[in-house]
> 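Encoded as structure tokens, here's the structure I'll be asking about.
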Amino acid sequence: MKKILITGAIGQIGSEITVVLRKIYGEENVIATDIRMPSDLQLRDSGPFEFLDVTDEHHITRVMQQYKIDTIYHMAAILSAIGETRPGIAWQVNMGGLYNMLEAARQYKCKMFFPSSIGAFGPSTPMDCTPQLTIMRPETMYGVTKLSGELLSDYYFKKFGVDTRSVRFPGLISYETEPGGGTTDYAVEIFFEAIKHASYTCYLRNDCSLDMMYMPDAVKALIDLMEADSSKLANRNAYNVTAMHFTPEILAAEIRKHIPEFKISYSVDPVRQAIADSWPNSMDDSAARSEWNWKPNYDQAAMVNDMIVKIRQKIK
Ligand code: SER
């Protein structure tokens with residue numbers, strides 16, 4: 001039986017994979033950790049929870065030994081917009097934390113996943129149908145840590161045989177937990193504001209295209225990749241994965257099919273707009289499709305419909 005450690009378990013992805021992994025592998029086999037205590041009762045009471053700061057290597061060792069961990073989902077990270085205001089902290093958490101977890105994976109012979117991002121690309125990357133292997137010169141601290149993280153994960157695989165795996169997630173859309181401090185957060189906020197107030201002021205330009213994915217597909221990508229046959233993973237750190245790409249204007253039009261009175265206006269934040277301008281308009285994820293059968297279930301229409309139904313239930 002697997003013994004799984006999740007870091008950043010209270011974050012946007014962590015909170016959802018904790019629940020799913022506990023269902024698949026058994027509640028007592030999935031140890032959720034974070035630097036915050038969970039307020040979500042389901043997360044707190046459905047299995048072991050530990051306070052864990054990923055920049056503290058001694059504490060990591062204690063938790064690894066206590067639970068005899070063999071699989072790590074390292075989700076703790078600082079997102080792109082916060083990374084630009086606090087680059088030192090972003091480096092410390094994203095790089096220092098990843099180094100510590102890779103060292104733990106090496107020492108305790110674990111399989112390990114860490115999420116890379118569309119943020120690993122930069123302004124000189126081809127923006128449309130961005131290839132798996134291409135120019136990568138990110139200009140944000142977040143992007144620098146994600147690209148360095150991909151290289152470091154490959155290094156641990158080649159040098160020490162650690163079974164590292166990763167995907168370049170696009171913007172992730174979910175209704176359970178807010179992302180917080182990212183550039184793609186508008187695609188979550190817009191739903192809550194549309195349902196509560198029928199209006200939203202967007203901090204990105206109306207025509208700014210970015211890759212996106214609904215959270216159930218992100219969870220599926222993560223689990224499918226971790227279950228895939230290791231010998232087939234030629235591009236293991238990290239795979240382009242996407243499900244859809246749209247602009248704020250296109251998303252607003254899709255929301256209007258459900259909430260006809262919805263209005264969007266724009267007040268562009270130059271920092272987040274510059275970050276978004278340096279990321280792809282749409283990625284080519286054919287390597288993931290051919291090497292481990294990646295295929296999303298939700299397109300734009302299905303995602304928008306489900307988000308609206310679920311948020312209405314949630315805030316009733
Ligand atoms: N969603 C992330 C961000 O906007 C990108 O990986 O920072």
Side-chain angles (χ1 to χ4, degrees), residues 7-8 10-17 73-87 89-91 93-95 97-98 113-123 125 127 130 136 138-150 153 166-191 202-205 208-215 217-219 221-222 225 237-248 251 268-283 285 288 296 303 307:
T7 69
I10 298 181
Q12 189 196 15
I13 314 176
S15 58
E16 301 222 17
I17 60 160
Y73 289 80
H74 175 47
M75 314 311 289
I78 303 279
L79 290 183
S80 58
I82 295 192
E84 286 314 280
T85 53
R86 307 186 70 189
I89 301 280
W91 178 263
V93 173
N94 293 10
M95 273 333 282
L98 178 65
F113 175 88
F114 106 98
S116 185
S117 159
I118 48 172
F121 296 110
T125 297
M127 292 289 162
T130 303
M136 298 180 82
E139 291 184 358
T140 61
M141 179 53 90
Y142 178 72
V144 168
T145 65
K146 289 297 179 185
L147 179 57
S148 311
E150 291 185 13
S153 297
S166 179
V167 297
R168 294 178 187 134
F169 274 135
L172 297 181
I173 300 168
S174 60
Y175 55 88
E176 293 283 7
T177 308
E178 283 175 41
T183 301
T184 58
D185 297 11
Y186 92 85
V188 175
E189 292 167 7
I190 193 172
F191 285 96
C202 186
Y203 57 79
L204 293 183
R205 253 189 355 255
C208 176
S209 178
L210 289 168
D211 282 287
M212 298 280 171
M213 186 183 293
Y214 196 30
M215 188 58 85
D217 278 331
V219 172
L222 214 143
L225 175 60
N237 297 295
Y239 290 93
N240 288 1
V241 285
T242 186
M244 62 193 91
H245 58 92
F246 51 68
T247 64
L251 179 58
V268 172
D269 167 10
V271 174
R272 282 179 289 185
Q273 186 61 60
I275 296 174
D277 285 340
S278 75
W279 292 355
N281 300 329
S282 66
M283 279 188 289
D285 61 2
M303 176 278 289
M307 278 292 281

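Every number for a ligand or one of its atoms is a count from 1 in the order of the listing. Reckoned from all heavy atoms, side chains included, excluding hydrogens, waters and symmetry mates. Each residue takes its place number in the sequence, starting with 1.
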> For the residue pair S116 / E150, report whether a side-chain donor-acceptor contact shorter than 3.5 Å exists.
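On atom types as modelled, these side chains qualify, holding a pair under 3.5 Å.
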> Is the shortest side-chain N to carboxylate O distance from D285 to R168 below 4.0 Å?
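Not counted as a salt bridge, because no side-chain N and carboxylate O are separated by less than 4.0 Å.
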> Any heavy-atom pair between the side chains of F114 and S153 that's under 4.5 Å?
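Sidechains of F114 and S153: in contact.
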> Check side chain to side chain contact (heavy atoms under 4.5 Å, CB included) between P87 and all other residues, then give those that pass, not counting sequence neighbours.
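Applying side chain to side chain contact (heavy atoms under 4.5 Å, CB included) to P87 gives M141.
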> Angle between ring planes, F113 versus Y73, binned at 30° and 60°: parallel, tilted or perpendicular?
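Ring orientation, 0 to 90° scale: tilted.
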> List, ordered by chain and residue number, the protein residues whose closest non-hydrogen atom lies under 4.0 Å from any atom of ligand 1.
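Its neighbours under 4.0 Å (heavy atoms only) are L79, S80, S117, Y142, G182, T183, T184, W279, given by chain and number.
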> When you compare the side chains of T183 and S80, does any donor N or O come within less than 3.5 Å of an acceptor on the partner?
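Checked: T183/S80 side chains pair up, N/O donor to acceptor below 3.5 Å.
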